[in-house]
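No hydrogens, no waters, no symmetry mates; every other heavy atom, side chains included, goes into these values. A, B, ... follow the sequence lines: proteins, then strands. Residue 1 opens every chain.
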There are 2 protein chains.
Amino acid sequence: MLNMRSVAGDLTTQARIRDVAIERFPKDGFAGTTVRAIAAAAGVSPALVLHHFGSKEGLHRACDEHVVQMTMEMKREAMETGTYRESGAIAATYKLAEPALRYLAWTLGTGSETAARIFGDFVDDVTVQLVEGQENGLINEYHGDPRQQAAVLVAMQLGGLLLHDHLTQAFGVDMLSAEGLMAAAPYALQAFSGNLFDKEIMAQTKQAIEQLQPTGDTEQRATR
Amino acid sequence: MLNMRSVAGDLTTQARIRDVAIERFPKDGFAGTTVRAIAAAAGVSPALVLHHFGSKEGLHRACDEHVVQMTMEMKREAMETGTYRESGAIAATYKLAEPALRYLAWTLGTGSETAARIFGDFVDDVTVQLVEGQENGLINEYHGDPRQQAAVLVAMQLGGLLLHDHLTQAFGVDMLSAEGLMAAAPYALQAFSGNLFDKEIMAQTKQAIEQLQPTGDTEQRATR
DNA sequence: CTCCCGACTAAACGAACGTTTAGCATGCTG
DNA sequence: CAGCATGCTAAACGTTCGTTTAGTCGGGAG
């Protein structure tokens, strides 16, 4: 059964093709990445790519599955060591390899079902942390629905992941590395500490939000 | 000079083509959107698209420019009415039309130069707000560099924009509408208020971040 | 040894792509 | 009126795409 011909760097040819695709798809998009380019980068013929994955879309699905699986594995490890809860769930993603992180960010930006699943899983985790944290006294009382609060927190955290290129430029450190996380996280903590924004501006903002026109139909703007 | 042939809905044919492209590019990606599809949706021939914009890439540039211009216009208006400062800069983007917002989110997800410019502009704005706010007492004392703090805040805020599809699902309200902003913003404010996270978990998280392995070369993970 | 299955390639397929060319219709200008 | 620039289309260009087909090679099973 283990009858693979060429094995370079202890990776199956199939896995090598998939890893190349995981690197390329976020870079040039799905349609912008050609089967021929993937094959060339993996050192195989274009036909072999389709032999292993059925079609280009099949390769896409395989990439999604693999990244999701790696993400879950990362989560499990982070939960065992305790860093998952402490780092607010998503920050622990730095343990993933950079290509997988870029792929994750790319997928989340698309409206795919995989993206919805990943986002939903994170929200589930943070919701649990919120509810359990309140029982443990780690989370103070709050208004509203825990799941909606969790969704906002997840979106905030993932913002750093999706915009890692820009944060990398702002910080001068690769934001997908541990150094980047160590550089940026204190600022996130400072924002959440309540020490940054004064009560006055918070009240002003709250009022401004409440006074928004509920429906944008009267003063709707055209794309013109 | 104003010699345009067909004018439907008071928009130039050229503007109509560009608006169609602004809708399509985020949906299917740049490579995934064909000139023929844009032309068909705009009710013109494919050749006319290239006649007006030179090439597909030229159309892309025109879309970028137009969205950037609309964003700046939105900013200027929000500054005049005061909502820009109060809403933390980016939240005011809801005033943009939905296609433009989707395009903005799509562009920010790419590593394009336009994205870097937009992100940088937002960071500039928030940096100024941070510095001026401290003088006015609206921002309390904080540690670190104001520009880096601003970058983290912008990334957090834009996270909601980039992940609007998922937030929309979580809230049951279109997150690119005023209703969506009104629904989600209180949760963001609650997170920033310092009332959500207890001091203990904040300290735990801070410690966990500091104890990360500085360089990930020893335990580096492969994409395998 | 023979047979066979799976990894793998070379070559070709039709379709669809971005772009070009030639030309038509319209309206402004002199 | 003639002349010309402009908005616009139809048709075709060459290229490149995803995919298919036919076939080679090599190890494992009988």
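dG18(D) atom P lies 14 Å from atom NE2 of His60(A), rounded to whole Å. Here dC17(D) presents its P atom at 19 Å from CG of Asp28(B), a figure rounded to the nearest Å. Summarising the geometry, the separation between CD on Glu57(A) and P on dC17(D) is reported as 18 Å, rounded to the nearest angstrom. Taking atom NE2 of His51(B) as the reference point, atom C1' of dA5(D) lies 10 Å away to the nearest angstrom. Across the protein-nucleic acid pair, Phe53(B) atom CZ and dC8(D) atom C1' stand 14 Å apart, rounded to whole Å. What separates CG of Leu50(B) from P of dT20(C) is a distance of 7 Å, to the nearest Å. At whole-Å resolution of the value, CD1 in Ile38(A) and C1' in dT19(D) are 14 Å apart. dT20(C) atom C1' lies 17 Å from atom NZ of Lys56(B), rounded to whole Å.
If you check dA10(C), dC17(C), dG7(D) against the side chain of Thr34(B), the one that comes closest is dC17(C). In this structure, the nucleotide among dT20(D), dA7(C), dT19(C) sitting nearest to the side chain of Ala47(A) is dT20(D). Among the nucleotides dT19(D), dG18(C), dA10(D), the one closest to the side chain of Val35(B) is dG18(C). Side-chain atoms of Pro46(B) lie closest to dT19(C) of the nucleotides dT19(C), dC8(D), dT19(D). Here the side chain of Leu48(A) is nearest to one of dT19(D), dA7(C), dG18(C), namely dA7(C).
Each of His52(A) and Arg36(A) was assigned the nucleotide of DNA chain C with the nearest heavy atom; the assignment lying further toward the 5' end belongs to His52(A).
Taking the ring centre of Tyr103(A) as origin, the terminal cationic atom of Lys27(A) falls outside the region bounded by 6.0 Å and 45° from the ring axis.
Residues Thr127(A) and Ala150(A) approach most closely at OG1-CB, 3.3 Å, considering heavy atoms. Between Pro186(A) and Leu181(A) the shortest heavy-atom distance is CD-O, 4.2 Å.
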- Task: Take His66(B) and Asp19(B), measure what side chain to side chain contact (heavy atoms under 4.5 Å, CB included) needs, and give me the verdict at the end.
- Result: CA-CA 9 Å; His66(B) 188 245; Asp19(B) 284 358; 4.2 Å; yes
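A donor atom on one side chain and an acceptor atom on the other are not found under 3.5 Å apart for Gln149(A) and Tyr187(B).
A sub-4.0 Å separation between OP1 or OP2 of dC8(C) and a side-chain N or O of Thr13(A) is present.
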